Amino acid sequence: MTVRTRFAPSPTGYLHIGGVRTAIFNWALARRFGGQFVLRIDDTDVERHREEALEPILAGLRWLGLHWDEGPGVDGPHGPYYQSQRLEVYREFAERLRSRGRAYPCFCTPEEIERERQEARQAKRPYRYSGRCRALPTQEQQRRIEAGMPYVLRLKVEPDRVIRFVDVVLGPVERNTNDIGDVVLVRANGMPLYNFATVVDDASMQITHVIRAQEHLTNTFVQLLLYEAFDITPPQFAHVPYVAAPGSKAKLSKRHLERYQTEENVARFLKLGFKPEEVPSPVMLDYYIHLGYLPDAVLNGLARLGWSLDDRTEKIPRQVLIENFSLERIHKSPASFDPDKLYWLQGEYMRELPLEQKVAGTIPFLQRAGLVGDPVDESTRSLIRRVIEALGDRMKVFTDVIVYGGFFFKDEVDYDPKAVQKVLLKEHVPVVLARLRERLAGLEPFDAAHIEEVVRGLAEELGVGAGKVIHPLRVATSGQTIGPGVFELVEILGKERALQRLERALALVQQEDA
RNA sequence: GGCCCCGUCGUCUAAGGGUUAGGACACAGGCUUUUCAAGCCUGGAAUACGGGUUCGAAUCCCGUCGGGGUCACCA
């Protein structure tokens, strides 16, 4: 039997890191065994803007390279893959359950149910449906239905049974049916509920392995009861621990990652044209996509949460993951997500990326920031290439090119006030800048090696350390204190622009002086 | 509160009866250095606690404590 896994997001508008990890595990298992990875959309909870809320999720999965074999846009033998389009199937299965006497209509009003729930809460008892409608005679059911009374469909759950199964990750687990009660399968409006729709779909789509977050563990017992009622062999279940917040075992949420949302990163998003309220949170995949992470790095980093290859391997490229992924090596306990480690891994992947791919990957970000045009002409392309080369290992994510080297692509320099204060507004600086301008103007050829000679020569002549010349030169030409090596920086900038900027900086300090 | 799951450095993890409990991120110190990175070297850092079983326990059993999940006409 071929392995079939599925990922079943509901269209919420974005992909959460924890959800992505679940998707990766499902995808990896299918690929490992040459099976199929199905994408199904759990959209029974009638949401207004379905399409817009779905697209970012599909885009995220595509970005990661988690291609699905069946699902939206990919027809297959078990479609449709939107639950909202499968209502007929659910109706059929619901009917089957009723005709077998495994489910019954319940006419209790939401108010009545709410009262039962309140009572349970006050008595500090877990809530379970009383089963009041279960005993209704068939004729009475018929009468009420014909009278147009709204009703939900409930599963008849036999009391005092212990349901057991062996979870691939957790091992043997069990639960008493007394803790479950007659759960609702279909809403009064005819829409199926999660547990019911999931079983119908997993069964009819021939899913062999259900890999999902541990928060679904209690649902699994209900689902097992449903498989039994349908007389269908259930799939294997693997409940993976949820992804926790850094330094905690609490489920990851937006709030937990606030400290990773640095001012510096927010500034990157703003440079890319995001409005402040649109800036994604570090719990969302979008955050990493737009900061310029590589899909392979994110895939690797997330796959390592709760799963390991062995006792030492951190870098697990896509192909290696596919060849070695196994459910058996998934941890039982929650793993906290560590953005720092993901960042480190990203640096490793970026470092190994061939130059031309770095260039190609950088271009969309420069365009979004309005620093280069579209299309990019050959001279701009070669400028980008030179900047990236000069950046070397400093470039960890694509937006680093904007932060460390944005000034290469602008006519006017934005002088960072702090840099000016710290480096340029010093007594010796006017002299240094003036001489630099003079010497560089006559320099031929204008390359890094010769620029270095000029700078070091000048330092010696003035009887100061090289840093006293280098730092002002950097700030004067780039406006900032960080960036590539200053000699290459000036070379790439070119003589004309370097001189202009020295001029401007000089004016700036002299004006400050006066 | 009932039921269920989980507990190895701050974090990700390895070891599944016998190791000085290993690696990685992060952190600290040093070297290098024109900034920022990178690189190299060094360091601190863990089996939640208490009982058993055993020649021997992180590992098996029991209890305690702690964390988490779940108890919807959400998924």
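Chain naming here is simple, since letters A, B, ... match the order of the sequence lines and numbering starts at 1 in each. All values derive from a computational prediction rather than experimental measurement. These values consider heavy atoms only, across backbone and side chains, with no hydrogens, waters or symmetry-generated copies.
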To the nearest angstrom, how far is [X] atom [atom1] from [N] atom [atom2]?
{"X": "A:Leu217", "N": "B:A75", "atom1": "CG", "atom2": "P", "value": "19 Å"}
{"X": "A:Ile180", "N": "B:A72", "atom1": "CD1", "atom2": "P", "value": "13 Å"}
{"X": "A:Glu215", "N": "B:A72", "atom1": "CD", "atom2": "C1'", "value": "15 Å"}
{"X": "A:Gln223", "N": "B:C4", "atom1": "CD", "atom2": "C1'", "value": "16 Å"}
{"X": "A:Trp344", "N": "B:U11", "atom1": "CH2", "atom2": "C1'", "value": "13 Å"}
{"X": "A:Arg212", "N": "B:U70", "atom1": "CZ", "atom2": "P", "value": "13 Å"}
{"X": "A:Phe337", "N": "B:U11", "atom1": "CZ", "atom2": "P", "value": "16 Å"}
{"X": "A:Ile24", "N": "B:C12", "atom1": "CD1", "atom2": "P", "value": "17 Å"}

[atom1] gap between [N] and [M], integer Å:
{"N": "B:A21", "M": "B:A15", "atom1": "C1'", "value": "8 Å"}
{"N": "B:G22", "M": "B:G18", "atom1": "P", "value": "15 Å"}
{"N": "B:C36", "M": "B:C49", "atom1": "P", "value": "42 Å"}
{"N": "B:G67", "M": "B:U19", "atom1": "C1'", "value": "30 Å"}
{"N": "B:G68", "M": "B:G50", "atom1": "C1'", "value": "23 Å"}
{"N": "B:A24", "M": "B:A14", "atom1": "P", "value": "15 Å"}
{"N": "B:A28", "M": "B:U33", "atom1": "P", "value": "22 Å"}

Nearest to the side chain of [X], heavy atoms from C-beta on, is which of [options]?
{"X": "A:Ser333", "options": "B:C73, B:U8, B:U34", "value": "B:U8"}
{"X": "A:Arg329", "options": "B:A14, B:A75, B:G39", "value": "B:A14"}
{"X": "A:Asp338", "options": "B:G1, B:C25, B:G22", "value": "B:C25"}
{"X": "A:Thr218", "options": "B:C74, B:G69, B:U35", "value": "B:G69"}
{"X": "A:Arg312", "options": "B:A14, B:G23, B:A75", "value": "B:G23"}
{"X": "A:Leu305", "options": "B:C12, B:U34, B:A15", "value": "B:C12"}
{"X": "A:Thr481", "options": "B:U35, B:G7, B:A38", "value": "B:U35"}
{"X": "A:Glu314", "options": "B:G23, B:A14, B:C6", "value": "B:G23"}
{"X": "A:Ile482", "options": "B:C36, B:U34, B:C73", "value": "B:C36"}
{"X": "A:Val173", "options": "B:U34, B:C6, B:C5", "value": "B:C5"}

Answer yes or no for A:Arg144 and A:Tyr151: cation-pi contact, defined as NZ/CZ to six-membered ring centre under 6.0 Å and angle to ring axis within 45°.
-> no
Classify the nucleic acid contact of [X] as base, sugar-phosphate or nothing, counting any heavy atom under 4.0 Å across all strands shown.
{"X": "A:Gly467", "value": "nothing"}
{"X": "A:His216", "value": "base"}
{"X": "A:Gln480", "value": "nothing"}
{"X": "A:Pro334", "value": "sugar-phosphate"}
{"X": "A:Pro150", "value": "nothing"}
{"X": "A:Tyr127", "value": "sugar-phosphate"}

Go through the steps for A:Asp202 and A:Tyr227 under the test side chain to side chain contact (heavy atoms under 4.5 Å, CB included), then give the verdict.
-> CA-CA 10 Å; A:Asp202 285 342; A:Tyr227 280 104; 3.4 Å; yes
Using Watson-Crick or G-U wobble geometry with both distances under 3.5 Å, which nucleotide pairs with [N]?
{"N": "B:A15", "answer": "none"}
{"N": "B:U20", "answer": "none"}
{"N": "B:U54", "answer": "none"}
{"N": "B:U34", "answer": "none"}
{"N": "B:G10", "answer": "B:C25"}
{"N": "B:U64", "answer": "B:A48"}

Short N-O contact, [X] and [Y], less than 4.0 angstrom:
{"X": "A:Arg312", "Y": "A:Asp310", "answer": "no"}
{"X": "A:Arg394", "Y": "A:Asp400", "answer": "no"}
{"X": "A:Glu389", "Y": "A:Arg386", "answer": "no"}
{"X": "A:Glu460", "Y": "A:Arg456", "answer": "no"}

Has [X] got a side-chain N or O lying under 4.0 Å from the OP1 or OP2 atom of [N]?
{"X": "A:His239", "N": "B:C6", "result": "no"}
{"X": "A:Arg121", "N": "B:G2", "result": "no"}
{"X": "A:Thr44", "N": "B:A75", "result": "yes"}
{"X": "A:Arg21", "N": "B:C12", "result": "no"}
{"X": "A:Lys341", "N": "B:U11", "result": "no"}
{"X": "A:Ser336", "N": "B:C12", "result": "yes"}
{"X": "A:Arg175", "N": "B:C71", "result": "no"}
{"X": "A:Arg128", "N": "B:C71", "result": "no"}
{"X": "A:Arg304", "N": "B:C25", "result": "no"}

Report the residue (A:Lys396 or A:Val486) whose heavy-atom-nearest nucleotide on RNA chain B is the more 5′ of the two.
->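 It is A:Val486 whose nearest nucleotide is closer to the 5' end.
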Show your reasoning for whether side chain to side chain contact (heavy atoms under 4.5 Å, CB included) applies to A:Tyr14 and A:Leu285.
-> CA-CA 8 Å; A:Tyr14 67 93; A:Leu285 181 64; over 6 Å; no
Quick one: which of A:Tyr194, A:Tyr242, A:Phe237 gives a ring-ring contact (aromatic ring centres under 6.0 Å, His included) with A:His216?
-> A:Tyr194
Kindly check if the number of other-residue, nucleotide or ligand heavy atoms within 6.0 Å of NZ (A:Lys315) is above 12?
->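 More than 12 heavy atoms, drawn from other residues, nucleotides or ligands, come within 6.0 Å of this atom.
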